[in-house]
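Shown next, in structure tokens, is the structure this report addresses.
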Amino acid sequence: MAPDVRPDAESASGVPPHRYTAALAGAIERRWQDRWEAADTFAVPNPPPAPAGEKFYLMDMFPYPSGSGLHVGHPLGFIGTDVLGRYLRMTGRTVLHTMGFDAFGLPAEQYAVQTGTHPRTTTEANIARYRQQIRQLGLAHDQHRSVSTTDIDFYRWTQWIFLQIHGAWYDAEADRARPITELEEELAAGIRALPDGRDWATLSRPEQDRVLDDHRLAYLADAPVNWCPALGTVLSNEEVTADGRSERGNFPVFRRNLRQWMMRITSYADRLADDLDGIDWPDSVKAMQRNWIGRSQGAQVRFASDAGDIEVFTTRPDTLFGATYLVLAPEHPMVDALVPAAWPSPPTGEELDGRWTGGADTPADAVAQYRSVVASRSDLERQEARDKTGVFAGAWATNPVNGEALPVFVADYVLMGYGTGAIMAVPGQDQRDWDFATVFGLPIRRTVQPPEDFDGEAYVGAGVAINSANDEVSLNGLDVDAAKTAIVAWLAARGAGESVVQYKLRDWLFSRQRYWGEPFPVAYVAEGETDGGPSIPRALPDADLPVLLPDVEDYSPKSFAPDDRDSSPESPLARATEWVAFEADLASDPEHGWTEYLRETNTMPQWAGSCWYYLRYLDPHNTERFVDPDVERYWLGPQGPGDPGGVDLYVGGVEHAVLHLLYARFWHKVLFDLGHVSSSEPFRRLFNQGYVQAWAYTDARGVYVPAEEVAGDAASGFTWNGESVRQEYGKMGKSLRNVVTPDEMCDAYGADTFRLYEMSTGPMEASRPWSTRDVVGSHRFLQRVWRLVIDEQTGDLRVADTEPDRDTLTALHRAIDGVRTDLPAMHYNTAVAKLIELANHLTKTYPSGGTPRSVLEPLVLMLAPLCPHLAEELWSRLGHPDTLAFAPFPEADPALLVEDSTEYPIQVNGKVRSRITVPAAAGEDEVRTAALADPKVAELLAGAEPRKVIVVPGRLVNVVR
RNA sequence: GCCCCCGUAGCCCAAUCGGCAGAGGCAGCGGACUCAAAAUCCGUCCGGUGUGGGUUCGAGUCCCACCGGGGGCACCA
């Protein structure tokens, strides 16, 4: 069939009319793409059609549809998942695979600011282009399930989920989130007491609301946040780089106290860390998440001072007897209360060390000076210059274990953001403290016995405690763990401390001063709260969702000079005054007659939509719920005891190891706790594909030149326009001028060749360089397969209905066996090698055509996951009217995998000296006998009895002389 | 500085449990086809696995040290 698919006459000059050329491939590909679309081949309805195979939910990390479109690196993962999905479909699995778009975000908004084009217009145009680029790759997606986070029907549910989180609190005893209404009931009924001891019934309504707000998983807080004046927005910790700049744009970021939406992800710190054990993720990603959560077991210890107890966090309470001073972070709230009016005399009666005062007249001056020096240092400077600086606060605190008066310092090597913002310094066992003590002339006392040969400074290793006893307790002789246990018990009994767990994880800053994001579905009373206190956000009722973005004239947030640290954020939505103010009758305010409300003018961060899109794929058109519970249970539910459930395979780049994947896990667990989903983790298995990288070239001035115009090679040197250029290696991108697009590859070779090339250059997890000139190898292979089936001159079949010879049969079944192992393991490069090997065997064995149909058909089926258009075309020409998308994948016959005889290399003392061939059925003894009988071996043994003969069945024989 | 991953042919990459270093592709070289070239086809060269030790009958594979590359974290008490 299909005589309509022919290359045009012009291109046929010298080329056989039915050769598999780019033009022919393109025609075939368009035809099958149309046919799949018309037949809706890859749609999977809910519930799946009977008889349904075992389900498999396969997912890619959805792309942000940027204006520049795809380059050849982007689809690597998409093609990889498509190959797997197509393979699984052919083995009877019911595969759900689609592709959506993460479409809120900065670029469309920035473009809108520049041109006045509505971000939705830009976004939708970009999505259309992405869809077209993805379609030409022949990916077997269920188009009905594709969603974009900017779809109103989608973000309506993003808002709904926000309200679920806002309407929940974390019950630490039950270790799960519960509806806030249950907290309110328990407080009202007196089952649960207020943390500060007040009586619920005596509180005013606004006071009660504020108590509830203090427990909500989404809450407003005056918190130190990352303010980026140049971007005009605040950023989450995860969006700030280690050197204190914005991940996007690399602008300075300042810490400021601002009232912002936060998500109480810290409540889930333990579960987010512990549950990593139950999911099949790369160890590196698990390690990064654990590191980010940063759980550490330690103790909180109170040191009495004139200004009250100073609480410190330490992971080494066993070293408490070695503490010789305390340090507070410069921002620590107790600093001001501690600082006396004048420099005091030390309790020892000696002179105050001149290094401690920083040359200031009073402690207050010293602290103020130090703080201003610290504030002027960027985070980067702070990190590069690790020299210890600080100043004496003019006060002493008492060590609870021995009553010693310890001087209190203010120093920036202690961070306010971790622990309590205060430490006990133990120079004997901590190198940072050692360094500081050395600079300031503070005493150093070892309390852990270092090994004999230890010649370092602070000793941080294991050992027994020394110098650690008071009248009531002695740690001396105990190892570190036993000493910790003993001293914490002693501290707890005295009320001077207790065991605590600390986390590096902070709550998640969840608001942005941007236009192109989801509006918050909350409102504030326009005239303010009755008690004049801070505004209380009120959840809008479900019937009021979605809260649509208003049309505005100016999409830009107010931005500032990058280093203007004192500026404040101002959202573009705040200017849409007719949208901000609205009238409502909110049932949540039953006692009031308010009708005038103000909307929240911040929007959600881009992560919001990606936190749950995998749930919407399951049930994208549901108007009643974000996902139907039965549908969720079918696709995501736990598959057995101990299984958390979740997407069966999630493929994407490792760059999302912390941000997206941690946020999504957090949301999913909230939804799980509230009973909205049956799975406790979103992604059962995660796989990080590598990146496609590319060579780039710079001229003498260091300017990038177009890589495609560069000639030469590594040996002879590279040139561009006759000028010598330098080669470097990096990401593919516009700035390096080395972009290659899938469109170019489809034009030059066809999508199947492109897919095959991407899959054959290396294992999925490996990054590899793009090399356009290597693509021809994949193309030649497909031409060879085509030629095995189709006569290039006539277009007729070259297939014979004869039986293959035994060698061919063995080659076929070996290939089947290998491909069946490689494809599900995503070892596509080796699967491709095995198919090429088989095709080469057939080309050699049947040089003039007449290849047996019983070999070609399995070859075509095996090629189908990788090169679906070509395979469909050949399958159809071989006389099969239906798509091969659901054709059974070939199975290997074990009987045909073994050969009649086996060749054994014979080693003598580990070196191969001879070879023997024995029947495959030969036992170990027969092989040994045959090996020793070999003349070459006999000669080497020279009549001596071998010390040992090792026979590895099927592998080799090693004779040890 | 700490942690993780990776070093196999000119290049991209294979090699179950430790068992003959080579599956596949590119490039190169030789040839066929062609008036010629391109395209296509056939054939073919190339290394002993980053370096040095160790374990073993046997090491690309396991252990130790070092060198090189990539990634993550980084004053987290």
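Residue numbers begin at 1 in each chain, while the letters A, B, ... track the order of the sequences.
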(message) Would Tyr413(A) and Phe436(A) count as a ring pair (Phe, Tyr, Trp, His ring centres under 6.0 Å) here? Give the steps.
(response) CA-CA 9 Å; Tyr413(A) 83 95; Phe436(A) 189 90; 5.3 Å; yes
Polar atom pairs between nucleotides 1-9 of chain B and protein, under 3.5 Å, N or O only, would you list them?
none

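For Arg446(A), the side-chain hydrogen bond (donor to acceptor under 3.5 Å, both in side chains) criterion is met by no residue, not counting sequence neighbours. Applying the side-chain hydrogen bond (donor to acceptor under 3.5 Å, both in side chains) criterion to Gln289(A), with sequence neighbours excluded, gives Arg665(A).
Using the Watson-Crick or G-U wobble rule with both distances under 3.5 Å, C73(B) pairs with G1(B). Pairing for U55(B) is absent, with no Watson-Crick or G-U wobble pair whose two atom distances lie under 3.5 Å.
Put simply, NE2 on His18(A) is 17 Å from C1' on A39(B), counting in whole angstrom units.
The shortest heavy-atom contact between Gly421(A) and Val414(A) is O-CG1, 3.5 Å.
With hydrogens and angles ignored, a donor-acceptor pair under 3.5 angstrom links the side chain of Lys388(A) to the base of C75(B).
Of all the residues in residues 811-820 of chain A, not one reaches under 4.0 Å from RNA chain B with any non-hydrogen atom. A heavy-atom distance below 4.0 Å to RNA chain B is reached by none of the residues of residues 317-327 of chain A.
Closest to the Arg773(A) side chain, of the nucleotides U40(B), A27(B), A77(B), is A27(B).
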(message) Using a 4.0 Å heavy-atom cut-off to protein, can you give one letter per nucleotide of nucleotides 17-25 of chain B, 5' to 3': B if the base is in contact, S if only the sugar-phosphate is, - if neither?
(response) --BB--BSB
